[in-house]
Amino acid sequence: MEKAKVLERLIKESGMSVRAFAEKCGLPESTVYTILKKGAGKANVNNVISMCKVLGISVEELDEISKGEAMTIYEPTYEDIQSLIARNGKKLTLEQKQDIIRTLLSDD
């Protein structure tokens, strides 16, 4: 499967529209559409990296998925989660913070 098709599938699975996804990546919507339609091979590597970060995968994992290889599941460490919350915590609403705490403390 082409990398662009993998990106398109992962965006769809994330539940985001292309517009919302582009916004989250900090990219123009037209750039994301171009990558999805013309392919990731000729795209600016920084744009592909930004897209992968938002999707929670590495560029290497994108390559593995496009080749049909099994993707290794990345489990964030406590430090990863702590760092992410510290960086973005001020942007979260009280409800979002409480939801994160409930999710982290659940037995699932």
Side-chain angles (χ1 to χ4, degrees):
M1 181 185 293
E2 294 176 25
K3 290 177 184 76
K5 294 294 178 200
V6 172
L7 290 169
E8 189 169 20
R9 181 179 56 103
L10 292 173
I11 293 167
K12 199 172 280 185
E13 287 174 4
S14 75
M16 284 184 270
S17 66
V18 173
R19 175 177 287 170
F21 177 74
E23 222 173 85
K24 200 165 186 177
C25 293
L27 299 172
E29 186 178 356
S30 60
T31 299
V32 174
Y33 270 117
T34 300
I35 291 170
L36 296 178
K37 298 305 171 203
K38 294 189 177 182
K42 295 180 181 178
N44 179 308
V45 70
N46 291 326
N47 293 342
V48 175
I49 290 170
S50 294
M51 293 172 74
C52 286
K53 278 185 180 179
V54 170
L55 293 169
I57 63 171
S58 67
V59 176
E60 292 80 11
E61 288 170 323
L62 174 62
D63 189 49
E64 287 175 12
I65 297 167
S66 71
K67 292 177 182 173
E69 298 172 9
M71 186 176 108
T72 54
I73 305 294
Y74 170 73
E75 289 291 329
T77 64
Y78 174 80
E79 289 77 19
D80 292 337
I81 295 169
Q82 189 177 31
S83 173
L84 185 63
I85 292 172
R87 262 197 325 260
N88 299 298
K90 291 179 183 161
K91 298 176 191 173
L92 300 174
T93 66
L94 179 60
E95 183 178 308
Q96 290 170 324
K97 290 175 186 176
Q98 290 172 338
D99 186 48
I100 289 170
I101 292 167
R102 275 192 297 277
T103 302
L104 291 173
L105 296 178
S106 71
D107 289 336
D108 295 337

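All values below come from the heavy atoms of this structure, side chains included, with hydrogens, waters and symmetry mates left out.
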With sequence neighbours excluded, residues passing salt bridge (Lys or Arg N to Asp or Glu O under 4.0 Å) with K91: none
Pairs under 3.5 angstrom only: tabulate donor-acceptor contacts from the side chains of residues 38-54 to other protein residues two or more places apart or in another chain.
residue, atom, partner, partner atom, Å
N44, OD1, N46, N, 2.7
S50, OG, N46, O, 3.0

Steps toward salt bridge (Lys or Arg N to Asp or Glu O under 4.0 Å) verdict (E95, R102): CA-CA 10 Å; E95 183 178 308; R102 275 192 297 277; over 6 Å; no
Only distances under 3.5 Å count here; give the side-chain donor-acceptor pairs of residues 11-23 to other protein atoms, sequence neighbours excluded, each with its distance to 0.1 Å.
residue, atom, partner, partner atom, Å
E13, OE2, R9, NH1, 3.3
S14, OG, I11, O, 2.6
S14, OG, M16, N, 3.3
S17, OG, A20, N, 3.0
R19, NE, E29, OE1, 3.1

Single-linkage hydrophobic cluster, 4.5 Å side-chain cutoff, V59 and L10 together: no
Those residues that, when tested against Q96, pass side-chain contact (heavy atoms from CB on, under 4.5 Å) (two or more places apart): L92, T93
Counterpart residues, side chain to side chain donor-acceptor pair (under 3.5 Å), relative to D63 (two or more places apart): K3, K67
Listed partners of K90 passing side chain to side chain donor-acceptor pair (under 3.5 Å), at least two apart: none
